[in-house]
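Below: the structure, in structure tokens.
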Amino acid sequence: MSDTTLILLGAGNSTRFGTTVKKQWLTSHDIPLWLQVAEHFERMGGFKEIIIVSSAEDVTLMQRFASYRFIVGGESRQASLTHALQAVETPYVLVSDIARCCIPTSMIERIMDAKGVASCIVPTLPATDTLYLEGNPIDREQVRQIQTPQLSVTHILKQALTQERLFSDESSAIASLGESIHFVEGSPNAHKLTRISDLAHLPCIQPPSNQSRVGFGLDTHPFESGKPMRLCGVTIDVPYGFKAHSDGDVAIHALIDALLGAAGMGDIGELYPDTDNTYSAIDSTKLLSDTIRRIKTHGFVIGNVDMTIVAQAPKLLPYRDTMQTTLASLLGIRQHCVNIKATTSEKLGFIGRKEGVTVHAVATLTYFNWKAL
Ligand code: MG
């Protein structure tokens, strides 16, 4: 059994990345970057467990992709690491950043081969430029540029991080205890992804696949008198609405499920449960806007949507164009990419008895094409 745990840190919110998509969720071929990184380490073997640290929202989604151990991070890299270390029981821990996504296998092997030599094994690069300190040139042979991943003795790293100070990496925390540090050769290819322009230096990231993803949604609500009726974010002028925890916009609910289905993100009940009072009588366009935000930050672009509203009553044709432009505006896509159809049930069943409405929706997504930026 291996004596080393791998922690992959990816809780940052990509504020410097400069796109709507979080960098952890850029698609490389057809998988998100964080998963490509985790699978690269997993294929190398040698880890008792792989722990991935990210935001609460990301962790919920990541669990749908793979069965690693996921932990919600903290306010800073150090807080995230301290949190994750509580789950580490092996004598050694290798800590890497998801943003350092193209680390050569040979560099990881050099680090792992030095296990036990010191309290922390650190890859470094030599300084190649002339360096000045306080106005005077210094001997660059004495200067090293620190990289990650770093391999630490777990109990020493845990102890080092109990200090009040913030450290920029594990080696500086461990060195502050007077513990030993051992340097191994790093790699210029272990470049960190911080800005979109960094992608030019990270050839291991493949362009996203151009395949489309399809999702389907279905929802039904019964009528309730004395409530305003909302459909596709538009108020329908009838003396009844829909019985629901939210505003009852059955069309938007079906659309949200279609979008979540295409993204592999579950369903409306998981994200916005009707047991949560936050969503009591909520305008469903707010739920749709939040769904769209999630889809975009997690690497997708909305293609088109198509919906069929099955209703014996009310008559919806007069509202169809407004519904279409309202949804197109919310989705951020062109009007012709939103298609809304209305039909009856030929007086059959609960719809035919004018007791309620069912809506079917499909949506397509493509991967955000960072290569075209
Ligand atoms: Mg509903």
Side-chain angles (χ1 to χ4, degrees), residues 57 60-61 64 213-295 300 302 304-316 319-320 322-324 326-331 333 338-345 348-365:
E57 184 173 289
T60 306
L61 184 53
R64 295 181 171 275
R213 294 175 58 110
V214 179
F216 172 71
L218 171 70
D219 198 22
T220 298
H221 280 264
F223 293 137
E224 184 177 284
S225 60
K227 275 186 78 174
M229 176 179 285
R230 300 269 290 171
L231 264 178
C232 297
V234 175
T235 302
I236 310 296
D237 188 19
V238 284
Y240 54 92
F242 292 109
K243 186 177 181 183
H245 183 67
S246 66
D247 68 356
D249 192 326
V250 57
I252 285 190
H253 297 178
L255 176 57
I256 288 173
D257 266 356
L259 291 165
L260 293 175
M265 288 187 185
D267 65 51
I268 187 171
E270 282 175 65
L271 262 53
Y272 318 109
D274 60 11
T275 48
D276 185 339
N277 275 338
T278 315
Y279 307 118
S280 174
I282 193 168
D283 178 346
S284 294
T285 61
K286 290 186 178 157
L287 305 182
L288 178 60
S289 294
D290 186 65
T291 299
I292 293 164
R293 176 195 62 77
R294 288 172 191 256
I295 282 171
F300 297 106
I302 299 169
N304 72 300
V305 304
D306 183 27
M307 309 171 76
T308 298
I309 303 172
V310 192
Q312 201 71 46
K315 292 284 174 235
L316 296 174
Y319 299 95
R320 197 181 59 189
T322 316
M323 289 174 169
Q324 188 185 6
T326 302
L327 287 186
S329 163
L330 285 165
L331 292 160
I333 59 179
V338 177
N339 195 67
I340 299 172
K341 308 183 292 296
T343 186
T344 69
S345 69
L348 293 172
F350 70 92
I351 293 170
R353 292 191 298 274
K354 301 182 182 177
E355 293 171 8
V357 164
T358 290
V359 179
H360 304 252
V362 289
T364 61
L365 303 178

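First listed ligand is number 1; within each ligand, the first listed atom is number 1. Hydrogens, waters and symmetry mates play no part in the numbers below; they use all other heavy atoms, side chains included.
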Near the Mg ion (ligand 1), meaning under 2.8 Å, how many protein N/O/S atoms are there?
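For the Mg ion (ligand 1), the figure is 3.
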
Decide, yes or no, whether a salt bridge links [X] with [Y] under the criterion of side-chain N to carboxylate O below 4.0 Å.
X      : Y      : result
Arg230 : Asp283 : yes
Arg294 : Asp290 : yes
Arg64  : Glu270 : yes

Has Lys227 got more than 12 heavy atoms of other residues, nucleotides or ligands less than 6.0 Å from its NZ?
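Enclosed.
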
In terms of relative ring orientation, are His360 and Phe216 parallel, tilted or perpendicular, with 30° and 60° separating the classes?
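Tilted: the ring planes of His360 and Phe216 meet at 30° to 60°.
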
Quick one: salt bridge (Lys or Arg N to Asp or Glu O under 4.0 Å) pairs with a partner in residues 350-365, sequence neighbours left out?
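As it turns out, the salt bridge (Lys or Arg N to Asp or Glu O under 4.0 Å) pairs with a partner in residues 350-365, which skip direct neighbours, are Arg353-Glu355.
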
